[in-house]
Colleague: 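Take a look at this one; I'll ask things after.
In this text, all values refer to a predicted model and were calculated from it rather than measured experimentally. In what follows, chains carry the letters A, B, and so on, assigned in the order in which the sequence lines appear, proteins first and then strands, with residues in each chain numbered from 1. For the numbers below, each heavy atom of this structure counts, side chains included, while hydrogens, waters and symmetry mates do not.
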Protein chains: 2
Amino acid sequence: MSEEKKTVFEPTRRQVLATTGAMAAGVALSQLGGFVSKAGATGGKTEKWPWPYKKLDPAKTAEICYNEWYRVFCGAAVINSVVGQLREKVGEPYTSFPADAFVFLEGGQLGWGTICGSPAGANIVASLIIGPRTAGDPDAHHIGNDVMQWYSEAALPTFTPKELNPKAKKAGVPHKLQTTVSNSPLCHLSVGKWMKAANKSLKSPERKDRCARVAASTAYKVVELLNAWHDGDYESSGFVSCAKENGITGQFNCMECHGDDVPEAPQG
Amino acid sequence: MSEEKKTVFEPTRRQVLATTGAMAAGVALSQLGGFVSKAGATGGKTEKWPWPYKKLDPAKTAEICYNEWYRVFCGAAVINSVVGQLREKVGEPYTSFPADAFVFLEGGQLGWGTICGSPAGANIVASLIIGPRTAGDPDAHHIGNDVMQWYSEAALPTFTPKELNPKAKKAGVPHKLQTTVSNSPLCHLSVGKWMKAANKSLKSPERKDRCARVAASTAYKVVELLNAWHDGDYESSGFVSCAKENGITGQFNCMECHGDDVPEAPQG
C-alpha cells in the first residue's frame, strides 16, 4: 500500500524539498494570508487541539470505509471510518461530531465534480484530530497536502476489498477493477479518467464500487499518516503549493486545462 | 443582495425547471448512488436532524463573516459566522461543533484551488442544520446547489463592508472593489478571473479583502435561504446536475477546459 508507483504532474511541477516541511508549508501558506492570532475565537468547546487519538488499523479502517460508501458515499465514508472507531476507542469529542452531515461531499460536492470527497474527508479527519494551522500545529495541513498529492499520483484504487459489498456482488462487479492516475484531486478528473479507461458509465455498479475502493484507499492512507504523527514519526513530504510556485491557488497540471496558453498570474 | 445579475454558463447549460425541486434532485442524485437506509449508522449523538435553528440577520452575518476571514479564512469564516451566532442563540449542538477545524478550506482546500471555501462552508452549514439527504430531507442538498449556482453566476463580491477591516484599511484597500463572474465554484477560476480583471496578485491586500467579501457574500446568501427554509418558504431552483445532464460529475462550463473537444461520457 505504501509502495504505489510515483508518477509526475505535467508540466510545471517542481517538487522542492525544503530544509524542513514545516518551513516549506509556512512559506507557502503565508501567501494565502499568513498565521493569525486567536483573539477573535468564538469559543466552541471542542476547539482545543489535538483531540485524543488512538492508533487505528489502516486495513480495518479501509474495509469499514469501503462498506460505509454504500451508506453515505465517499467523503462521509472516510470520516465515519475513522470517527466511528474513535467513538468506540475514545468517546468524546468524536461522539458529538456529526460525521453523517458530510454526505454532500459526494460527487465532488453535490455532484459538481470539484474536490473528490475522499481527500476532502481526509482533510476533515486530519484537521479534527490535529487541529487547524491557526491553532499552532501545521501537521494537519501537511498531512492533507500529502494525501492530495498521493491521491493525484497513485494508480487508484490501491485498495481491493477482502469481500465485495453485497450490492456489488449482486450486481456482478469483478474482484479486480481498472486503476487510473488522476493527476488531480478533482472528482471530475478522477472519475472521468477512470470511466474512460474502464469504458463504464457513472451509473454502472463498477464505477460505484471503484469509488468505494478509492474512499477506502484514502482512509488507509490518512490513517497511516495519523499513526505516524501519533508516534512522532510523521515527516511532511515538503510539498510546496501552486500558490508559492505560480502565484495562484491551483494544481500543477496547468496544461491539462490551459493547453499551451498557460497565463501568468498578475504580480501587482 | 437578492437582485444580482444573472449570467449563463457556457456552453451546455440547460436550466431545467422540474415539476418540483425535490423530484428533480431525487432524479439527479440517484445517479450517484441513490437514497440509502440508515441501518449501518454509527451513531454520533448529534446526528439527529434538523438541528434547532433561529433566524439570523443576513447583513449582520455577512459583517461577522467578513471580519472572521482575517482570523480563519473563507470556509471557516462562513461556518463561524453562522455557527458562532447559533452558539449564542441556541447553544448545543452548535457549541460542540469545531468550526475552527475548517481553516483547511482556504484557497480551495490548502491552496489547491479546488472548491472555493465559501460555498464549501455554506454546504457544511446547510447540512449541519438540515441534515444530509440520507437522513430524509433533501433541502440541504437543494440549498447547497442553489448557493453553488448563485456563486457561479453572480458578479462577486456582492457584499461591501460598512467599515473596512483594520488590516485592509491599514493596507489602503479601497472601499469599492472589482467584481467578476467565475462561471464556476472553483477557487482557481474565481480568484484567477478576479486577479486578471483587477490586475492584482494573490498576495495583494485587495485580493485578500476581495476573498473576505466573497465569503461574506456567500454567508449572506446561505442565511437568506436558511431563513426561508425555517419559515417553510424555501423553494428549490430545480437545479439539475451535470451528472444527470451529461453522465459525469462536473460543472456546465465544459468548453472552458475542454475547448471544442468535449468528450462524451461512456454509457457502458
Colleague: Can you say whether E88(B) sits under 4.5 Å from chain A via the side chain, the backbone, both, or neither, judging by heavy atoms?
Modeller: neither
Colleague: Given the options L186(A), V83(A), I124(A), which has more heavy-atom pairs under 4.5 Å with chain B than any of the others?
Modeller: I124(A)
Colleague: Relative to chain A, which of C211(B), C187(B), G108(B), C242(B) shows the most heavy atom pairs under 4.5 Å?
Modeller: C187(B)
Colleague: Can you find a pair of side-chain heavy atoms, one from K45(B) and one from E92(A), that are under 4.5 Å apart?
Modeller: yes
Colleague: Tell me if a side-chain donor or acceptor on T46(A) pairs with a main-chain N or O of S96(B) at a distance below 3.5 Å.
Modeller: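 The answer is yes, because a donor-acceptor pair under 3.5 Å joins these two groups.
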Colleague: Which value, rounded to the nearest 0.5 Å, describes the distance between H141(A) atom NE2 and E106(B) atom CD?
Modeller: 4.0 Å
Colleague: Which atom names give the shortest non-hydrogen contact between F73(B) and R133(A), and what distance separates them?
Modeller: CE1-NH2, 3.1 Å
Colleague: On a heavy-atom basis, which atom in G144(A) and which in L110(B) lie closest, and how many Å separate them?
Modeller: C-CD1, 3.5 Å
Colleague: Would you please go through residues 114-122 of chain B and name the residues with a non-hydrogen atom below 4.5 Å from one of chain A, in numerical order?
Modeller: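 T114(B), I115(B), A120(B) fall under the 4.5 Å cut-off.
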Colleague: Of all the heavy-atom pairs spanning L128(B) and P98(A), show the shortest one and how long it is.
Modeller: CD2-CG, 3.7 Å
Colleague: Between H188(A), Q267(A), E206(A), which residue shows the highest count of heavy-atom pairs closer than 4.5 Å to chain B?
Modeller: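 Looking at each of H188(A), Q267(A), E206(A) in turn, H188(A) comes out on top.
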Colleague: Please determine, among G192(A), G250(A), S127(A), G113(A), the option with the most heavy-atom pairs under 4.5 Å with chain B.
Modeller: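 Result: the option with the highest number of such pairs is G250(A).
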Colleague: S204(A), A140(A), A101(A): which one forms the most heavy-atom pairs within less than 4.5 Å of chain B?
Modeller: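 Of the options given, most contacts go to A101(A).
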Colleague: On a heavy-atom basis, which atom in M195(A) and which in P266(B) lie closest, and how many Å separate them?
Modeller: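 Looking at all heavy atoms of both residues, the closest pair is O-CG, 3.4 Å.
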Colleague: Give a yes or no on whether K196(A) atom NZ has more than 12 heavy-atom contacts from other residues, nucleotides or ligands under 6.0 Å away.
Modeller: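 Counting neighbours around NZ of K196(A), 12 or fewer heavy atoms of other residues, nucleotides or ligands fall under 6.0 Å, so no.
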Colleague: State the CD-OG1 distance between Q109(B) and T249(A), to the nearest 0.5 angstrom.
Modeller: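 That separation rounds to 12.0 Å.
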Colleague: Let me confirm one number: the CD1-CZ distance from I248(A) to R207(B), rounded to the nearest 0.5 Å.
Modeller: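 Separation between the atoms: 8.5 Å.
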Colleague: Could you state the interatomic distance from CD (E47(B)) to CZ (F97(A)), rounded to the nearest 0.5 Å?
Modeller: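 Going from CD on E47(B) over to CZ on F97(A), the span is 9.0 Å.
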Colleague: For Y94(A), which atoms come within 4.5 Å of any heavy atom of chain B: side chain, backbone, both, or neither?
Modeller: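 Neither; nothing under 4.5 Å.
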Colleague: Do D100(B) and T134(A) have side chains that get closer than 4.5 Å, going by heavy atoms?
Modeller: no
Colleague: Quick one: CG on N145(A) to CZ on F104(B), what's the gap to the nearest 0.5 Å?
Modeller: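 Interatomic distance, N145(A) CG to F104(B) CZ, rounded to 0.5 Å: 12.0 Å.
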